[in-house]
Amino acid sequence: MRRVRYAVGMSLDAFIADADDGGGWMIGDPKYDGMAFFREIDTALMGRRTWEAAVRGGGGSMPGIRGYVFSRTLRPEDHPGVTVVAEDAEGVVAALRVEEGGKDIWLAGGGELFRALAAAGLVDTVEIGLNPMLLGSGIPLAPRLPHPVRLELTESRAYGSGLVVLRYDVRRDPA
């Protein structure tokens with residue numbers, strides 16, 4: 001089964017985007033190899049706001065990565081480079097995990113999509129690039145989770161720039 005990996009940058013006060021849905025405040029570090037992550041995935045999932053922010057920033061579709069955008073308002077014909085999913089996000093992601101072969105699946109954002117998939121038990125890891133920044137407002141990492149999600153730290157690494165990369169596995173056990 002393919003893993004769904006919620007991998008995002010986050011501020012110290014737990015925001016994954018600023019109040020304008022932007023991520024220009026995130027830092028990098030020359031010793032952090034972000035391409036290693038991209039070699040492990042072949043599918044990206046995003047909410048509408050994350051998709052629109054990516055398009056505004058000159059991004060959007062990524063070569064070699066199938067994109068799925070979850071939105072009840074976007075028209076598929078206006079976004080030919082991705083698959084627009086209007087209904088049953090949980091069913092679509094469950095099918096991607098089990099019925100299709102391939103590499104891991106990146107849950108690229110946003111928080112609302114994470115909330116829905118975590119509630120359905122469809123997220124396997126939470127991977128955070130913790131940035132040395134306090135935003136004060138923005139898009140939260142995990143808005144209004146319907147129940148606690150237990151995590152187990154599996155990796156942590158601090159960089160000279162202040163960036164800290166954390167990886168947690170989602171625990172499926174009841175306690």
Problem set entry | Check against ring pair (Phe, Tyr, Trp, His ring centres under 6.0 Å), F70 and W51 | CA-CA 9 Å; F70 295 81; W51 169 251; over 10 Å; no
For this session: Step by step, work out the side chain to side chain contact (heavy atoms under 4.5 Å, CB included) result for V170 and L151.
Result: CA-CA 5 Å; V170 174; L151 304 173; 3.9 Å; yes
For this session: Would you please test D33 and R39 for side chain to side chain contact (heavy atoms under 4.5 Å, CB included) and show each step?
Result: CA-CA 11 Å; D33 178 14; R39 288 190 291 274; 3.3 Å; yes
For this session: Dump the intermediate steps for side chain to side chain contact (heavy atoms under 4.5 Å, CB included) on I105 and V93, then the final yes or no.
Result: CA-CA 9 Å; I105 301 167; V93 173; 5.5 Å; no
For this session: Run the numbers on H79 and V69 for side chain to side chain contact (heavy atoms under 4.5 Å, CB included), then give the verdict.
Result: CA-CA 9 Å; H79 305 279; V69 178; over 6 Å; no
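Under the 4.5 Å side-chain criterion, counting only non-hydrogen atoms from C-beta, T125 is in contact with R3. Side-chain contact between T73 and R48 is present, with at least one heavy-atom pair separated by less than 4.5 Å. The side-chain heavy atoms of Y68 and L96, taken from C-beta on, include a pair separated by under 4.5 Å. With a 4.5 Å cut-off on side-chain heavy atoms, V82 and R66 do not count as touching. Within the 4.5 Å cutoff, the side chain of E87 has no heavy atoms near those of the V92 side chain. With contacts defined as side-chain heavy-atom distances shorter than 4.5 Å, the pair V165/I128 does not qualify.
The cluster map of Ile, Leu, Val, Met, Phe, Trp and Tyr, joined by side-chain heavy atoms under 4.5 Å apart, puts M35 and Y32 in different clusters. L163 and F38 are not part of a single hydrophobic cluster, where members link through side-chain heavy atoms under 4.5 Å apart. Residues L153 and F37 do not share a hydrophobic cluster, clusters being chains of Ile/Leu/Val/Met/Phe/Trp/Tyr side chains in contact below 4.5 Å. Both V164 and V8 belong to a common hydrophobic cluster when Ile, Leu, Val, Met, Phe, Trp and Tyr are linked at side-chain heavy-atom distances under 4.5 angstrom.
In this structure, OG1 in T43 is found 12.0 Å from CG in L107, a value given to the nearest 0.5 Å. Here the OG-CG distance, from S156 to L130, works out to 11.0 Å after rounding to the nearest 0.5 Å.
Residue pairs meeting the ring pair (Phe, Tyr, Trp, His ring centres under 6.0 Å) criterion with at least one partner in residues 114-135, sequence neighbours excluded, are Y6-F114. Sorted by first and then second residue, the pairs that involve residues 74-83 and meet salt bridge (Lys or Arg N to Asp or Glu O under 4.0 Å), not counting sequence neighbours, are R75-E77, R75-D78. A salt bridge (Lys or Arg N to Asp or Glu O under 4.0 Å) check over residues 120-139, counting only residues at least two apart or in different chains, returns the pairs R5-E127, R97-D124, D124-R172, E127-R167. Counting only residues at least two apart or in different chains, salt bridge (Lys or Arg N to Asp or Glu O under 4.0 Å) contacts with residues 156-165 are absent.
For the residue pair D29 and S161, the shortest heavy atom distance occurs at OD2-OG, 2.8 Å. Of all the heavy atoms in M46 and L113, the pair that sits closest is C-CD2, 3.7 Å. Contact between A120 and E90 at its shortest, heavy atoms only, is CB-CG, 3.6 Å. Residues A118 and V149 approach most closely at CB-CG2, 4.3 Å, considering heavy atoms. When every heavy atom of G111 is checked against every heavy atom of I16, the shortest pair comes out as N-CD1, 3.7 Å.
Side-chain atoms of N131 never come within 3.5 Å of backbone atoms of M133 as a donor-acceptor pair (strictly under, hydrogens ignored). For the pair W106 (side chain) and A7 (backbone), a donor-acceptor distance under 3.5 Å is present. In this structure, D42 contributes its side chain and K103 its backbone to a donor-acceptor pair below 3.5 Å.
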Do any side-chain atoms of residues 134-148 form donor-acceptor pairs under 3.5 angstrom with protein atoms, and if so which ones, sequence neighbours left out?
unit_1: R144; atom_1: NH1; unit_2: E112; atom_2: OE2; d: 3.4
unit_1: R144; atom_1: NH2; unit_2: E112; atom_2: OE1; d: 3.3
unit_1: R144; atom_1: NH2; unit_2: E112; atom_2: OE2; d: 3.3

Enumerate, atom names and distances included, each donor-acceptor pair closer than 3.5 Å involving a side-chain atom of residues 17-27, sequence neighbours excluded.
unit_1: D18; atom_1: OD1; unit_2: D20; atom_2: N; d: 2.9
unit_1: D18; atom_1: OD1; unit_2: D21; atom_2: N; d: 3.2
unit_1: D18; atom_1: OD1; unit_2: G22; atom_2: N; d: 2.7
unit_1: D21; atom_1: OD1; unit_2: R49; atom_2: NE; d: 3.4
unit_1: D21; atom_1: OD1; unit_2: R49; atom_2: NH2; d: 2.7
unit_1: D21; atom_1: OD2; unit_2: R49; atom_2: NE; d: 3.2
unit_1: W25; atom_1: NE1; unit_2: G22; atom_2: O; d: 3.0

